[in-house]
Amino acid sequence: MSIEKFITLANQVVDIETNAVSALKSYINHEFAQACQTMFDCQGRIVVIGMGKSGHIGGKIAATLASTGSPAFFVHPGEASHGDLGMITKDDVAIVISNSGETGEVLAIVPVIKRIGAKLIAMTGNEQSTLAKLAEHHVCVKVEQEACPLGLAPTSSTTATLVMGDAIAVALLNARGFTADDFALSHPGGSLGKRLLLRLSDIMHDGERLPIVSISALIKDALVEMSEKGLGMTAVVKDNGQLAGVFTDGDLRRILDSQIDIHQDNIANVMTKSPCVAHPNMLAAEALNVMEDKKINGLIVVDENNKPIGAMNMHDLLKSGVL
């Protein structure tokens, strides 16, 4: 087959599936809204059930629901018939997926689901199917044609089902007032979760790791402290412990060409006064924005009395996965 033929066929698939997705808007109606309301009111879990390709899509829908504030899990209909129906309670809502609405393995467990007392929502491409008629609510995912030229392999139909699942999940997300912080709590291992959850108190150098010198110290003393702590800076504090300034590698470079004697001159004469500071509850991602905006490589973290309690730099953000 020629390269051009591959490209032509692929474009046809995209066109067919694009049209199938666009046609879903006509099925987002009062029945769709009622199904969403049933899931919103659910006191248990949303149980997604599907066989074959519908099962694969169902697994993704369940995962999307769970990660966006609607507790959900997937149950395979075959396994359900051999014990997994015990996972379903009367407080649950079951979303049962079958494009034809006549899948044997699915229909076999529907009577048991109804007997348990769980609400039943069907997601099919046939409003007159057995499954659609047995359900309290029917969400239609009918497509005009599959992208498969044989009309056999689930293609457009599974894409449409996936998109409708996303529509349900996002509608519920908004209805629940689900926030970015809520999302982060269910994604703590991802980069987004770290950006939304990690605070400076989690990554800052504190205690004996905090570089700090007195305002009466000599420059050489500050350099020794910076070298030992390895953050490229040191906090400079007044006698009462409050922050007076900061001395950084950049400050050191600026005084190299001057007549200043690091063995005789006081750190107070060369430090940066009124430096940009951070607070322990500040998000690490916020600190990154501050550092990029101010074009600095580190921050001193102070408490409510303006006393240094920690320090961090770009390397800490890099190690934490925020940067």
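Small disclaimer: the values here were computed from a predicted structure and weren't measured.
- No hydrogens or angles considered: a donor-acceptor pair under 3.5 Å links the side chains of D92 and T89.
- Residue H279 is tested with L200, V302, I309, D303 for a side-chain contact (heavy atoms from CB on, under 4.5 Å); the sole match is V302.
- Contact check for I113 versus I49: side-chain heavy atoms found under the 4.5 Å cut-off.
- Taking 4.5 Å as the limit, every side-chain heavy atom of K114 sits out of range of all side-chain heavy atoms of P111.
- Contact annotation: the side chain of T248 approaches that of V246 to within less than 4.5 Å [non-hydrogen atoms, C-beta and beyond].
- In this structure, R254 pairs ionically with D251, as a charged nitrogen and a carboxylate oxygen lie closer than 4.0 Å.
- In this structure, the side chains of K307 and L243 stay at 4.5 Å or more apart for every pair of heavy atoms.
- Here the side chains of D41 and Q37 are in contact, with some heavy-atom distance below 4.5 Å.
- Looking at heavy atoms from C-beta onward, S81 lies out of side-chain contact with E105 at the 4.5 angstrom threshold.
- Side-chain contact between H138 and T124: present, with at least one pair of heavy atoms (C-beta onward) separated by less than 4.5 Å.
- Under the 4.5 angstrom side-chain criterion for Ile, Leu, Val, Met, Phe, Trp and Tyr, the cluster partners of F247 are V213, I215, I219, L223, M226, V236, L252, I255, L256, I260, I262, I267, V270, M271.
- A donor atom on one side chain and an acceptor atom on the other are found under 3.5 Å apart for T130 and E102.
- For residues 216-230, the salt bridge (charged side-chain N to carboxylate O under 4.0 Å, His left out) pairs, not counting sequence neighbours, are E225-K229.
- Put simply, the side chain of I46 does not reach to within 4.5 Å of the side chain of I121, judged on heavy atoms.
- Formation of a donor-acceptor pair under 3.5 Å by the S157 side chain with backbone atoms of P154 is not found in this model.
- Under a 4.0 Å N-O distance rule, the pair D166/K60 qualifies as a salt bridge.
- Distance NZ/K90 to CZ/R115: 16.0 Å, rounded to 0.5 Å.
- In this structure a side-chain-to-backbone donor-acceptor pair under 3.5 Å is missing from D206 to G310.
- If you check the side chains of E146 and T155, you find a donor sitting under 3.5 Å from an acceptor.
- In this structure, N240 places its CG atom where more than 12 heavy-atom neighbours from other residues, nucleotides or ligands lie under 6.0 Å away.
- Partner of L288 under the side-chain contact (heavy atoms from CB on, under 4.5 Å) criterion, out of L299, D293, L317: L317 alone.
- Between the CG atom in L218 and the CG atom in D261 there is a gap of 9.0 Å [rounded to 0.5 Å].
- Looking only at distances, a side-chain donor or acceptor of T38 sits under 3.5 Å from a matching main-chain atom of Q34.
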